[in-house]
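First up is the structure itself, then whatever we jot down about it.
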There are 2 protein chains.
Amino acid sequence: MAVTIKDVARAAGVSPSTVCRALSTPELVRAETRERVQRSAAELDYSPNRAARGLITGRTGNLGLIVPDLGNPFFPGVVKGIQARAREADYAVFLADTDEDPAAEAQLVRTLAKQVDGIVLCSPRMSEQELRGVAALTPVVLLNRRVGRLPAITFDNVDGMRQAVTHLTALGHRRIAYVAGPRASWSNRERVRGLRLAIAAAGAELIEVGPVQPQFDGGVAAADQVLAAGVTAVIAYNDVIALGLLSRLNVRGIAVPAAISVLGFDDIALSAMVHPSLTTVGLPMKSCGRAGVDLLLGLLQDPDRFGSTRRELGTQLMVRGSTGPAPSA
Amino acid sequence: MAVTIKDVARAAGVSPSTVCRALSTPELVRAETRERVQRSAAELDYSPNRAARGLITGRTGNLGLIVPDLGNPFFPGVVKGIQARAREADYAVFLADTDEDPAAEAQLVRTLAKQVDGIVLCSPRMSEQELRGVAALTPVVLLNRRVGRLPAITFDNVDGMRQAVTHLTALGHRRIAYVAGPRASWSNRERVRGLRLAIAAAGAELIEVGPVQPQFDGGVAAADQVLAAGVTAVIAYNDVIALGLLSRLNVRGIAVPAAISVLGFDDIALSAMVHPSLTTVGLPMKSCGRAGVDLLLGLLQDPDRFGSTRRELGTQLMVRGSTGPAPSA
DNA sequence: TTGAAAGCGTTACCAG
DNA sequence: CTGGTAACGCTTTCAA
């Protein structure tokens, strides 16, 4: 088997207790002893068994991370942020992909709960009730969703929509379509809310299309309705839908942005790579991941912290090639 | 704290030993007792602490997974395959993203080794020597790389290139460019090898450009050289580079595939979403992940298995809009 | 068929 | 400052 604390103790001629101290609380050990132990540990390439440690300390040094679908280009950025922050804090990360199955989410939390100090739930699809249920099992941080007082990191979708609408109306657009994402999606609801606010403030007109699946094909399917609505601009629930729109518009020979402007949401890597490149509302995905881990670690240190356990991250409109002046303007 | 085996034992009026047996080897327990225990366990929502179990059994029920960069659209598919297969087998998965840092890879293996039964290394960037070193620490399966006799799942890059070249020469192309990926990349070397073989067999002419970074900007950077080489078709090391090529060609007003055909490799989700859509060599990424886990689990059951510990997965050319007849044909 | 006891690798506590 | 001992939650002999 692997090298244990006893091997190090033997090599250094001390007791396991001393090895433990020399490595975790060096100041409690005489310099000479400490160095001898550390040298032995290094020579044997010893590192403590975290599972065994967790058994007694009650802390595993592990985090859980549950995402609905890694194939959705929105998530990898968030996951990377989480990974990076967790590694800095010397935490290992369990990752589970639920394939968009709400039931699997709850099940996975239950399974992981025993092995982790806390769990980050990325855009969870389960019901509010279930969410509260699992939050009772283990410390939990929500990403991209807000439910009651549960700790959460979200994006300012409302302001993102304000930026989007402001951009379009400044270009002279008055009739704007929105291709909606899933009804059950928290972020879709937020985006619709922000959209209506901004449209009303600008005195513009909103035509809602959908909802469609937040996939490429959802955008393809919505494109003809958008066209039929006689709008000069369309905002999609997310970039992937917007790419579908772009594709179908291209097939139908509609020029973007000459005939119609297209605007996405999320700023996935792809949106800068297509032609015309996609104007979109950028979300700081890595920061979101980092902030989620920060919040979770904070919660672990001080479970009943006074400070806010909810944070909303700012967004930034990325103006690119798919939006331009309204045709009649 | 959470509910332990003792709580169940107390509730069922038996000893912890019996609880353990009733749950893991039910046939060794009298039916009546067994049911009582199982009912108590269910009522208390008990599930064994896997870390504690691992301590004694030597098996953790955890797998490690190390990837260079989740942001690279090649990896999420593989990760999903691994996730799915691992979950079926009731394994939890530690995920680590190394940000393309070879040193981090080795370090992470060392850290994870203690907590997992084995590790899947996805397209590892570290040297062969390091790879052999970490393989001595814990059971390891390589994905998308082959080193000596180490267990590995790879794609048949050589045949993929044969398909690509066959497609292009059938369309009448004789002068073909290749935009190379990183020199250090195993799959780039394999692809070049297959390419040269196929080009020679077809009696065509190959112009090698690069190497470039396997990024969008790498493709953008290579496009003008490709154009200057006076070829009628170009194969990119991967889809992301191909998208960069497409973008730059578009900017320069070169029609694809009318003036030049573009062919990618990997079949990332994006390649079907752009216009023109990208002809590319598809790799079964999810299968690769699943196969990797299967291999690892097999190895764990039977460490010195006779059967092959290396598997090569077939590829399939996906003909789409970015390739067409050679201009002069 | 069941229970007691030992032990996995670690840390925490209490003597010394 | 150091060592012995107990304990974490579980599984696995070994006896009964």
Side-chain angles (χ1 to χ4, degrees), chain A residues 1-38 40-41 44-62 90 92 110-117 138, chain B residues 1-38 40-41 44-62 90 92 110-117 138:
Chain A
M1 262 306 206
V3 35
T4 79
I5 201 170
K6 284 185 185 173
D7 301 318
V8 180
R10 206 175 308 123
V14 296
S15 75
S17 322
T18 302
V19 174
C20 177
R21 269 186 300 252
L23 297 176
S24 50
T25 46
E27 67 276 13
L28 296 183
V29 159
R30 187 159 48 104
E32 190 197 340
T33 319
R34 185 198 317 147
E35 275 160 34
R36 191 149 34 95
V37 170
Q38 289 174 339
S40 300
L44 296 176
D45 195 21
Y46 167 77
S47 74
N49 181 321
R50 304 183 86 166
R53 168 188 291 175
L55 215 46
I56 180 135
T57 60
R59 300 189 130 221
T60 61
N62 296 150
D90 200 29
R110 257 170 261 279
T111 312
L112 283 184
K114 290 279 196 350
Q115 293 194 84
V116 301
D117 295 336
T138 185
Chain B
M1 262 306 217
V3 34
T4 79
I5 201 171
K6 284 187 186 172
D7 301 318
V8 180
R10 206 174 308 123
V14 296
S15 76
S17 323
T18 303
V19 174
C20 177
R21 271 186 296 253
L23 298 175
S24 49
T25 46
E27 66 277 12
L28 294 182
V29 155
R30 185 157 50 102
E32 190 196 341
T33 320
R34 185 199 318 146
E35 276 161 33
R36 192 150 35 95
V37 170
Q38 289 175 340
S40 300
L44 296 176
D45 194 22
Y46 168 76
S47 73
N49 180 322
R50 304 183 86 167
R53 169 186 288 174
L55 216 46
I56 180 140
T57 62
R59 300 190 132 220
T60 61
N62 297 148
D90 201 28
R110 256 170 260 279
T111 311
L112 283 184
K114 290 283 197 346
Q115 292 193 87
V116 301
D117 296 335
T138 185

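Convention: sequence-line order gives letters A, B, ...; per-chain numbering from 1. Fair warning: this is a prediction, and the values are worked out from it, not measured in the lab.
- For the helix from C:dT1-D:dA16 to C:dG16-D:dC1, the end axes, each set by the C1' atoms of five terminal pairs, are bent relative to each other by 50° (nearest 10°).
- Close to C:dG3, at under 4.0 Å from its OP1 or OP2, lies a side-chain N or O of B:Thr18.
- Atom CZ in A:Arg10 sits about 11 Å away from atom P in C:dG9, given to the nearest Å.
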Short N/O separations, protein against nucleotides 10-12 of chain C, under 3.5 angstrom:
unit_1: C:dT10; atom_1: OP1; unit_2: A:Tyr46; atom_2: OH; d: 2.9
unit_1: C:dT10; atom_1: OP1; unit_2: A:Asn49; atom_2: N; d: 2.9
unit_1: C:dT10; atom_1: OP2; unit_2: A:Ile5; atom_2: N; d: 2.4
unit_1: C:dT11; atom_1: OP1; unit_2: A:Arg53; atom_2: NE; d: 2.7
unit_1: C:dT11; atom_1: OP1; unit_2: A:Arg53; atom_2: NH2; d: 2.9
unit_1: C:dA12; atom_1: N6; unit_2: A:Ser17; atom_2: OG; d: 3.4

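- In this structure, A:Asp117 and A:Gly58 approach most closely via the heavy-atom pair OD1-O, 4.1 Å.
- Take the nearest nucleotide of DNA chain C for B:Arg36 and for A:Leu55: the residue whose nucleotide is more 5' is B:Arg36.
- The shortest side-chain heavy-atom distance between A:Lys114 and B:Ser47 falls under the 4.5 Å cut-off.
- With rounding to the nearest 0.5 angstrom, the OG atom of B:Ser17 is 8.0 Å from the CD1 atom of B:Ile5.
- B:Arg21 places no side-chain N or O within 3.5 Å of a backbone atom of B:Val29 that could act as its donor or acceptor partner.
- Distance alone, capped at 3.5 Å, places no donor-acceptor pair between the A:Thr60 side chain and the A:Gly54 backbone.
- Residue A:Gln115 contributes atom CD, which lies 15 Å from atom C1' of D:dC8 at whole-angstrom precision.
- To the nearest angstrom, C1' of C:dG9 lies 15 Å from CG of A:Leu44.
- Side-chain contact between B:Asp90 and B:Arg50 is present, with heavy atoms from C-beta onward closer than 4.5 Å.
- Looking at A:Asn49 and B:Leu55, their side chains come closer than 4.5 Å, going by heavy atoms from C-beta outward.
- The distance between atom CZ of B:Arg59 and atom C1' of C:dC8, rounded to the nearest whole Å, is 16 Å.
- B:Asp7 and B:Ala2 make their closest contact through OD2-O, 4.1 Å (heavy atoms, listed as atom of the first residue, atom of the second, distance).
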